[in-house]
Structure formats: structure tokens, C-alpha cells
> 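Dropping a structure here in C-alpha cells format, bear with me for questions.
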There are 2 protein chains.
Amino acid sequence: MNNLENVSRSVSRPTLMRLPGYLNYLKLRQKDELVNISATKIASDLKLNHVQVRKDLASISSGGRPKTGYDIKELISDISTFLGYDNVNEAILVGAGKLGKTLLSYDGFSDYGLNILAAFDTDKNLIGNTINGKPIFSLEKLKDVCKRLNLRIGIITVPAAKAQKICNLLIDSGILAIWNFAPVHLHIPDNIILQNENMAASLAILANQLSERIQRKI
Amino acid sequence: MNNLENVSRSVSRPTLMRLPGYLNYLKLRQKDELVNISATKIASDLKLNHVQVRKDLASISSGGRPKTGYDIKELISDISTFLGYDNVNEAILVGAGKLGKTLLSYDGFSDYGLNILAAFDTDKNLIGNTINGKPIFSLEKLKDVCKRLNLRIGIITVPAAKAQKICNLLIDSGILAIWNFAPVHLHIPDNIILQNENMAASLAILANQLSERIQRKI
DNA sequence: TAGATTGTTAATCGATTAACAATC
DNA sequence: TAGATTGTTAATCGATTAACAATC
């Protein structure tokens with residue numbers, strides 16, 4: 001469809017999800033003063049197939065050298081760049097309850113290129129406060145702030161029942177990508193990007209595997 | 001391998017991850033005083049393929065009736081039972097920092113059959129305190145408590161650098177399933193169940209899709 | 001009966017893995 | 001040179017989707 005030269009190489013979803021894991025691992029290895037690393041080694045440490053690792057790395061990096069492997073520093077830089085960890089993405093968060101506050105307090109997101117600028121809530125006791133240097137504003141100001149700062153990422157940490165309404169408001173405010181922590185299915189237009197942080201699904205897998213294991217053993 | 005009659009039907013991982021979504025949706029529908037629902041309707045509301053929905057439901061339920069569809073109440077009960085939301089899973093949590101406290105405070109886990117009994121930490125200022133009725137104990141007591149109560153689920157909310165050590169301790173204490181919130185790859189024996197709550201991966205997907213979208217539009 | 005719906009069998013699609021060639 | 005390693009092409013596997021038959 002679109003034949004532009006410098007469109008970012010596109011990568012399968014599973015590959016994309018493994019990339020942060022590689023990055024993490026490589027940073028640890030770098031601390032050990034290692035310079036090169038082989039796909040074989042990465043694969044065995046991360047319990048992955050070595051061809052898969054090679055394909056993943058090939059899709060975002062200029063590649064390694066036979067016998068020596070990959071240059072760790074180069075690989076770290078390639079993955080970081082691909083994931084967009086270099087250029088900061090600015091976001092706002094809606095719902096300054098417990099989870100919202102936790103996310104506001106967490107400084108680790110900057111490693112992933114995410115910077116939460118501010119939070120919004122309807123609770124008068126919260127409005128005007130600051131958490132980890134980030135102000136909490138009235139929800140009424142959301143649209144204005146988003147438009148003025150041309151923000152594109154919104155994080156939803158309100159209760160399930162309110163999530164759809166907030167979602168609509170975010171979209172109306174020009175937000176393009178939504179990171180949803182509320183346990184509901186949100187209805188969105190096709191052009192909006194939605195990522196659900198699905199703890200219920202994780203827990204389902206854990207509990208299911210556990211019960212299978214226990215049944216097997218008895 | 002194992003031909004026991006009443007081994008729980010096993011289900012693909014994608015199906016398993018969709019089940020909590022169906023449950024959620026059905027509970028909402030039930031509030032609308034609806035009695036029956038068709039797979040077609042579920043599929044269109046949840047933006048899934050209708051055959052997929054039918055297969056998913058067939059794998060855990062006795063099924064619906066042509067023309068009428070499925071009985072919502074029955075379906076809710078079937079999914080809940082399959083996911084083990086009926087019988088409570090007891091868990092302990094290690095690391096009563098911000099994220100740990102948030103999880104302790106969150107009462108919604110009981111909907112998923114998870115009950116966090118207590119937390120463990122090394123911080124003297126936290127030990128002895130109670131959060132949402134759940135006590136924080138010294139890490140030294142972990143093994144004893146796990147063994148005595150025969151606990152099987154451990155939640156890791158310590159910083160990345162400490163996670164592997166805690167993981168080892170949990171396994172040594174008889175824990176079989178670990179829900180890991182620390183952003184590291186944990187090394188575990190084959191017989192231990194590990195579920196990573198991978199926020200970095202979610203964020204990677206979000207940021208990647210956003211940058212693709214923005215590139216496309218310019 | 002007609003038609004909406006379930007449920008199954010076959011085709012397609014995409015990701016993983018295996019086999020092999022190329023290179024330093 | 002020999003062997004460790006990269007990278008590619010082909011085979012396999014599993015999940016999704018399409019086509020169709022069965023049922024109320």
C-alpha cells in the first residue's frame with residue numbers, strides 16, 4: 001500500500017513483545033563488561049529457540065558477525081531506538097486512585113520512554129495535590145490540556161464502570177493511544193490504538209496451570 | 001499420557017486469555033436482565049470472530065441451543081468454575097512497596113478467586129503494619145508461613161535486582177506458582193509455574209503502534 | 001416451514017522450529 | 001583449516017477463519 005522508504009520496519013506482535021526482554025537481558029550482560037554475545041547464548045539464557053532470537057534481532061538490527069556474535073552495545077541501541085525509548089512519549093493519566101497513584105509514583109517508565117505529565121480526577125480532595133512532582137487536575141481541564149500540549153497517550157486507571165466514559169473523553173480530546181487498566185472491554189473507533197493491561201487474563205492462566213498441575217500430581 | 005476421566009478439559013492459551021473477557025461481558029449483560037445470548041452477538045460486541053467465540057464457549061460449557069443461543073447464567077457459572085474463581089486460591093506477596101501496597105489494597109482479586117493473605121518485606125518500618133487488613137511480616141518468616149499454611153501462589157513485587165533471590169526463596173518455601181511483577185526474566189525449574197506481568201511489553205506495543213500510525217499519517 | 005442459530009469439518013494464515021548454506 | 005556462529009529457506013505446528021451441515 002504505502003511504499004515510503006523510511007517507514008519503520010514492521011515486526012510481528014510476538015517479536016515486539018519479546019524485544020523489551022532482550023533489552024533487559026542485554027543491559028544486565030553489559031554490566032558484566034561483556035562486549036559480544038551470541039544468539040545461542042541469549043536463547044539458552046532466556047529459554048527461547050535460537051533461530052527465533054536470530055530472526056527477532058535481524059528484524060531490528062543490522063546484525064552480528066559469524067564466530068563473534070552481536071555487539072551488545074549496538075544491539076541495545078538498536079532495540080531502544082526501535083521501541084522508541086529514545087524519544088520521550090508524553091502521557092496523561094485519568095483516575096488518581098490507588099493504582100493511578102502507583103503509576104504516577106513509578107519512575108521506571110522513563111526507561112521505556114514514557115513520561116506521565118499529569119493526572120486528572122473528579123475527587124476534590126485530590127485535585128490540586130501533587131504526586132511525585134506530577135499535578136492532579138480537575139477532569140474538566142483534561143480536554144484543554146490534551147489539545148494544548150498535543151498529547152497522544154492516555155492512561156485509564158478509573159473504576160470499570162467509568163472507563164468507557166473516560167475513554168470517549170480522551171478520544172474527544174485528541175488522544176490516539178490508550179493504555180487501559182480498567183477491567184472492561186472498551187469500544188473504540190478503528191483509528192484509536194488500545195492496549196489493555198489485563199491482570200485478570202494473567203491470573204486466569206496462572207490459576208489454570210496451577211490447578212492442572214495439582215490434578216496431575218494427585 | 002494421562003487418561004484420567006475428570007482431568008479438567010484443557011484449553012489453548014489464547015482461549016484461556018479470552019475467557020475472563022467473556023465473563024466480564026456476560027455479567028454486564030446479565031444486569032440488563034437478559035436471559036439468553038448468541039455467540040454472534042457476543043462476537044460483534046467484543047470484536048471477535050463468531051466461530052472463535054463458539055469454539056471458546058464449546059470448550060468450557062455444555063453449549064447453547066440453536067435459535068435461542070446460550071443461557072447467560074449457565075455460561076457465567078461454567079466460565080467461573082473453569083477458571084477456578086469459585087474455589088479460593090490463597091497467596092502471599094513479597095515486597096510491600098508502592099506496587100505491593102496497591103495490590104494488597106485492591107479488593108477486586110476476590111472476583112478472580114485470589115485472596116492475598118499477607119505480605120513480607122525486609123523494611124523494619126513496614127513490618128508489623130497492616131494494609132487493608134493484611135499483615136506485613138518479616139521476610140524471615142516467609143518460609144515458615146508458606147509451609148504451615150501449605151500455600152502455593154506467591155506474588156513478587158520487589159525491585160528487579162532482588163527478584164531472583166525472592167523467587168528462589170519462594171520455591172524453597174514450597175510455592176508452585178509465581179506471579180512476577182518485577183521487570184526481569186526469572187530462572188525457574190520446569191515444574192514451577194511463572195506468569196510475568198509484563199508492563200514493558202504492553203508499553204512497547206502501544207508505543208510502536210502509535211509511532212507507526214503517526215508515520216503513516218504524515 | 002423458514003430462518004436464526006449452534007456446532008463441525010476443511011482451508012488458510014502466521015509463527016515457530018528444523019535443516020542447511022554462508023561466513024569469519 | 002576447522003568450527004562457531006550468522007542468516008535463510010523449507011517444514012511443521014497451532015490458531016483463526018471460512019464453508020457447511022444440523023437443529024430447534
Side-chain angles (χ1 to χ4, degrees), chain A residues 1 9-19 21-22 25-26 29 34-76 78-79 82 198 201 204-205 208-209 212, chain B residues 1 9-22 25-26 29 34-75 78-79 82 198 201 204-205 208-209 212:
Chain A
M1 290 247 150
R9 276 176 277 195
S10 90
V11 134
S12 78
R13 197 181 157 95
T15 295
L16 191 52
M17 293 188 73
R18 283 190 293 268
L19 290 176
Y22 296 133
Y25 171 84
L26 292 167
R29 289 281 117 185
L34 232 58
V35 175
N36 290 293
I37 194 152
S38 77
T40 323
K41 173 76 176 145
I42 298 177
S44 87
D45 282 351
L46 258 37
K47 305 251 170 79
L48 296 168
N49 180 289
H50 65 108
V51 182
Q52 188 171 68
V53 173
R54 234 168 255 129
K55 283 200 172 170
D56 286 347
L57 298 184
S59 69
I60 51 96
S61 148
S62 51
R65 284 197 325 218
K67 186 99 173 157
T68 16
Y70 296 81
D71 182 302
I72 293 185
K73 214 173 149 189
E74 206 177 294
L75 219 42
I76 288 177
D78 285 344
I79 299 177
F82 182 84
N198 199 344
I205 291 173
N208 180 269
Q209 290 181 325
E212 274 199 350
Chain B
M1 290 249 151
R9 276 176 278 194
S10 89
V11 133
S12 79
R13 197 183 158 94
T15 296
L16 191 52
M17 293 187 73
R18 281 188 294 267
L19 289 176
Y22 296 134
Y25 171 82
L26 292 168
R29 289 281 118 184
L34 232 59
V35 175
N36 291 294
I37 193 152
S38 76
T40 322
K41 173 77 176 141
I42 299 177
S44 88
D45 282 351
L46 257 38
K47 306 249 170 83
L48 296 168
N49 180 290
H50 65 108
V51 182
Q52 187 171 68
V53 173
R54 236 169 251 129
K55 284 200 171 170
D56 285 347
L57 298 183
S59 68
I60 49 97
S61 150
S62 51
R65 285 194 329 216
K67 186 103 174 151
T68 17
Y70 297 82
D71 181 302
I72 293 186
K73 215 173 151 188
E74 207 177 292
L75 218 41
D78 286 343
I79 299 177
F82 182 85
N198 200 344
I205 291 172
N208 181 268
Q209 290 182 326
E212 273 199 351

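So that the names make sense, note that chain A is the first sequence line, chain B the second, and so on, each numbered from 1. Computed over heavy atoms, backbone and side chain alike; hydrogens, waters and symmetry mates excluded.
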> To the nearest Å, how far apart are A:Asp56 CG and C:dT17 C1'?
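The distance from CG of A:Asp56 to C1' of C:dT17 comes to 13 Å, rounded to the nearest Å.
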
> What does the B/S/- profile of nucleotides 19-24 of chain C look like, 5' to 3', with a 4.0 Å heavy-atom cutoff to protein?
----BB

> Using atom CD1 of B:Ile37 as one end and atom P of C:dT5 as the other, report the distance to the nearest whole Å.
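So the two atoms are 11 Å apart, to the nearest Å.
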
> Taking only side-chain N and O atoms of A:Tyr70, does any of them lie within less than 4.0 angstrom of OP1 or OP2 on D:dG7?
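Looking at the OP1 and OP2 atoms of D:dG7, one of them is under 4.0 Å from a side-chain N or O of A:Tyr70.
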
> Taking atom P of D:dT5 as reference, at what distance in whole Å does atom CG of A:Asp71 sit?
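Whole-Å distance recorded here is 16 Å.
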
> A:Leu19 has an atom CG; how far is it from atom P of C:dA15, in whole Å?
14 Å

> Can you find a heavy atom in the side chain of A:Tyr25 that is under 4.5 Å from one in the side chain of A:Ile37?
yes

> For DNA chain C, what string of dots and brackets results from 5' to 3' when Watson-Crick and G-U pairs need both distances under 3.5 Å, crossing pairs get [ ], and pairs with another strand get |?
..||||||||||||||||||||||

> What distance separates B:Asn36 CG from B:Lys41 NZ, expressed to the nearest 0.5 Å?
14.0 Å

> Near DNA chain C, counting only heavy atoms under 4.0 Å, which residues of residues 38-49 of chain A show up?
A:Asn49

> Specify the closest pair of heavy atoms between B:Glu212 and A:Ser10, including all atoms of both residues, with the distance to one decimal.
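Where B:Glu212 meets A:Ser10 most closely, the heavy atoms are OE2-CB, 3.3 Å.
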
> Check the distance between D:dT6's P and A:Lys55's NZ and give it to me in whole angstrom.
15 Å

> Would you mind reading off the distance between A:Gln52 atom CD and D:dT6 atom P, rounded to a whole angstrom?
15 Å

> If you round to the nearest 0.5 Å, how far is CG of B:Asn208 from CG of A:Leu16?
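Spacing of CG (A:Leu16) from CG (B:Asn208) equals 4.5 Å.
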
> Would you mind reading off the distance between B:Ile60 atom CD1 and C:dT6 atom C1', rounded to a whole angstrom?
15 Å

> Would you say B:Arg18 places a side-chain N or O within less than 4.0 Å of OP1 or OP2 belonging to D:dT16?
yes

